[in-house]
Amino acid sequence: MTISAVLQTSFLGDMILTTPLIARLACDGEVHVVATPANAGVLANHPAVSSVIVYDKRGADAGVGGLRHVAACLRATGATIAYMTQGSWRTAALARLAGMRSVGFDRSAGRWLYSRRVAYRKDWHHAQRLWALASHSRGAESAMVEQLRPSLYPGAEDYARTSALLDEAGVDAGEPLLALAPGSVWATKRWPSYDALAGELVARLPDFRIVVLGAAGDAPLAVAISEAVRHRGGPPVIDATGRLSLLGSAALLSRCAALVTNDSAPLHLASAMNTPTLALFGPTVPAMGFGPLADRRATLGMDALTCRPCSAHGGQACPLGHWRCMRELSARAVGAAVTRMAGPS
């Protein structure tokens, strides 16, 4: 039996997209995962994960002392090989301090410390790139979407809190729900017209209740959406911002007919629950490898703009000052696309 470690200390979406790799490795033995405090919780209940080692690299585990502490915890698992899904010098040093062989991408900053380097394929989805760390490029070439789709396992408490939220809102058992996730850490990724979209959807999908997902900081966006729906005479919007855990949000998405989201973490939560997903891309593009993986999926963006993509993550302001990639994406076009998606298969 092989005991392996997966080091993923990047963003939440990256951790979700790492779960296919974790599941692949678990076929051969134990898998221990190094995660940040922000993304560790999403692995709760996952049957492929033997343990999660939390690495608070910007807090309690900052500095060389913290690195040595986490390395000791990693060494205690008995893992002999580390898969470097986050390619910094720091994680490379962590694996070296733990006395482990390491496998990572040939473009990573820490690649000089790796025992084996794998080609980073820009033309692949990121889940497929990560899969290749364990399967080599030849095996990853033939990987199917079902193998690359992320997996999450909300627990009984997550589903109970979701049910309580819907009961509180007076949602009937068979009432169709449509989720909107208007937030993002990066300002330029936030499509500014979710309220206008909500008004469109009242007319296009009158039988659907809209639910707004996001962090507590997204509450003002939920208020604007609620006001737009109320103005058009639609049913009350369900505001779930800040009320559910990550796995609770995944549980809620499993109840929804479709999700409209920016290029942000809810996109990957929906992929894991196989919820039909319409993803809106502005400063980034799906070709970068982070599009949806649900069976029913679509993306929209202003493809004619030559300034896209402008960065790997998006930024807090448009570098050209016009932000056309998001401003010119119309609520009518998005409304038509989500109506097609939320309808019968």
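Just so we're clear, the structure is a prediction, and the values are computed from it rather than from any experiment.
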Report the residue from His46, Gln8, Arg24 that forms a side chain to side chain contact (heavy atoms under 4.5 Å, CB included) with Thr19.
His46
Write down the atom of Ala294, the atom of Asn274, and the distance for their closest heavy-atom approach.
CA-OD1, 3.3 Å
Atom CZ of Arg209: over 12 foreign heavy atoms under 6.0 Å
yes
Hey, mind stepping through Asp106 and Arg111 against salt bridge (Lys or Arg N to Asp or Glu O under 4.0 Å) and telling me if it holds?
CA-CA 6 Å; Asp106 59 358; Arg111 62 189 180 277; over 6 Å; no
In the single-linkage hydrophobic clustering (I, L, V, M, F, W, Y; side-chain heavy atoms under 4.5 Å), do Leu329 and Leu201 co-cluster?
yes
Mark yes when over 12 heavy atoms from residues, nucleotides or ligands other than His231 sit less than 6.0 Å from its NE2; otherwise mark no.
no
How far does OG of Ser4 sit from CG of Leu133, to the nearest 0.5 angstrom?
11.5 Å
Side-chain donor/acceptor of Lys57 to backbone N/O of Thr36, under 3.5 Å
no
When you compare the side chains of Asp158 and Tyr153, does any donor N or O come within less than 3.5 Å of an acceptor on the partner?
no
Are the side chains of Val52 and Val49 in contact, using a 4.5 Å heavy-atom criterion?
yes
Please test Thr284 against Asp263 for side-chain hydrogen bond (donor to acceptor under 3.5 Å, both in side chains), starting from the C-alpha separation and ending with a verdict.
CA-CA 8 Å; Thr284 56; Asp263 175 18; 2.6 Å; yes
Could you tell me which non-hydrogen atom of Ala250 sits nearest to which non-hydrogen atom of Leu152, and how far apart they are?
CB-CD1, 4.4 Å
Donor-acceptor pair, Trp89 side chain versus Ala109 backbone, under 3.5 Å?
yes
Only pairs at least two apart or in different chains count here, so list each salt bridge (charged side-chain N to carboxylate O under 4.0 Å, His left out) that has a residue in residues 84-101.
none
Identify the heavy atoms of Met273 and Ser254 that sit nearest to each other, and give their distance.
CE-CB, 3.9 Å
Write down the atom of Pro150, the atom of Ile16, and the distance for their closest heavy-atom approach.
CB-O, 3.3 Å
Considering only residues two or more places apart or on different chains, which pairs with a residue in residues 240-299 satisfy ring-ring contact (aromatic ring centres under 6.0 Å, His included)?
His126-Phe290
Measure the shortest side-chain to side-chain distance between Val64 and Arg68 over non-hydrogen atoms and say whether it is less than 4.5 angstrom.
yes
Can you confirm whether more than 12 heavy atoms, excluding those of Arg332, are under 6.0 Å from its CZ atom?
no
Give the minimum heavy-atom separation between Asp239 and Arg243, together with the two atoms involved.
O-CD, 3.5 Å
Ala179 and Leu253 have their tightest heavy-atom pair at CB-CD2, 3.9 Å
Please evaluate residues Cys256 and Val211 with respect to the criterion side-chain contact (heavy atoms from CB on, under 4.5 Å), reporting the C-alpha separation (whole Å), side-chain torsions for both, the decisive distance (0.1 Å), and the verdict.
CA-CA 9 Å; Cys256 294; Val211 56; 3.9 Å; yes
Full working for side-chain contact (heavy atoms from CB on, under 4.5 Å) between His322 and Cys307
CA-CA 11 Å; His322 55 65; Cys307 55; 3.9 Å; yes
CD of Gln86 to OG of Ser88, rounded to nearest 0.5 Å, is 4.0 Å
Take Arg255 and Leu166 through the test side-chain contact (heavy atoms from CB on, under 4.5 Å) and record every step on the way to the result.
CA-CA 10 Å; Arg255 171 69 173 76; Leu166 297 180; 3.9 Å; yes
Distance (rounded to the nearest 0.5 Å) between Asn39 CG and Ser10 OG
8.0 Å
Give the cluster check for Leu267 versus Tyr194: same hydrophobic cluster or not, with ILVMFWY residues linked at side-chain heavy-atom distances below 4.5 Å.
no
With side chains defined as the heavy atoms from C-beta onward, is the minimum distance between Leu178 and Phe208 less than 4.5 Å?
yes
Share the residues that join Met84 in a hydrophobic cluster, the rule being Ile, Leu, Val, Met, Phe, Trp or Tyr side chains under 4.5 Å apart at the heavy-atom level.
Leu7, Val34, Ile53, Tyr55, Leu67, Val70, Leu74, Leu94, Leu97, Met100, Tyr114
Any donor and acceptor pair, going by atom type alone, linking the side chain of Arg204 with main-chain N or O of Thr339 inside 3.5 Å?
no
Please check: side-chain N/O of Arg161 versus main-chain N/O of Gly248, any donor-acceptor pairing under 3.5 Å?
no
Judged by atom type as modelled, is there a donor-acceptor pair below 3.5 Å linking the side chain of Thr77 to the main-chain atoms of Ala79?
yes
Answer yes or no: is there a side-chain heavy-atom contact under 4.5 Å between Leu148 and His125?
no
Apply the test side-chain contact (heavy atoms from CB on, under 4.5 Å) to residues Arg116 and Val118: give CA-CA distance (whole Å), side-chain angles for both, the deciding distance (0.1 Å), then the verdict.
CA-CA 7 Å; Arg116 181 168 66 85; Val118 175; 3.3 Å; yes
Separation of Ser271 OG from Asp295 CG (nearest 0.5 Å)
10.0 Å
Does Trp323 belong to the same Ile/Leu/Val/Met/Phe/Trp/Tyr cluster as Leu280, with side-chain heavy atoms less than 4.5 Å apart forming each link?
yes
Within one Ile-Leu-Val-Met-Phe-Trp-Tyr cluster: Val33 and Ile3, side-chain cutoff 4.5 Å:
no
How about Leu278 and Arg297: do any of their side-chain heavy atoms sit closer than 4.5 Å?
no
When you compare the side chain of His69 with that of Asp61, does any pair of heavy atoms fall below 4.5 Å?
yes
Would you tell me whether Glu328 and Ser330 have side-chain atoms, one donor and one acceptor, within less than 3.5 Å of each other?
no
For the residue pair Ser50 and His32, confirm or rule out a side-chain donor-acceptor distance under 3.5 Å.
no
Using a cut-off of 6.0 Å, state whether more than 12 heavy atoms not belonging to Glu175 lie near its atom CD.
yes
Identify whether Leu130 and Ile81 are in the same connected component of the hydrophobic contact network (ILVMFWY, side-chain heavy atoms under 4.5 Å).
yes
Does Arg121 offer a backbone N or O that forms a donor-acceptor pair with the side chain of Arg129 under 3.5 Å?
yes
Around atom CZ of Arg58, are there more than 12 heavy atoms of other residues, nucleotides or ligands at under 6.0 Å?
no
Which value, rounded to the nearest 0.5 Å, describes the distance between Trp191 atom CH2 and Ser184 atom OG?
14.5 Å
Tell me, do Thr9 and Met15 make a side-chain contact under 4.5 Å, heavy atoms counted?
no
Can you measure from CG (Leu180) to CG (Leu221) and round to the nearest 0.5 angstrom?
11.0 Å
Under 4.5 Å between any side-chain heavy atoms of Met1 and Glu30, yes or no?
yes
Does Thr91 reach the main-chain N or O of Gly87 with its side chain, forming a donor-acceptor pair under 3.5 Å?
no
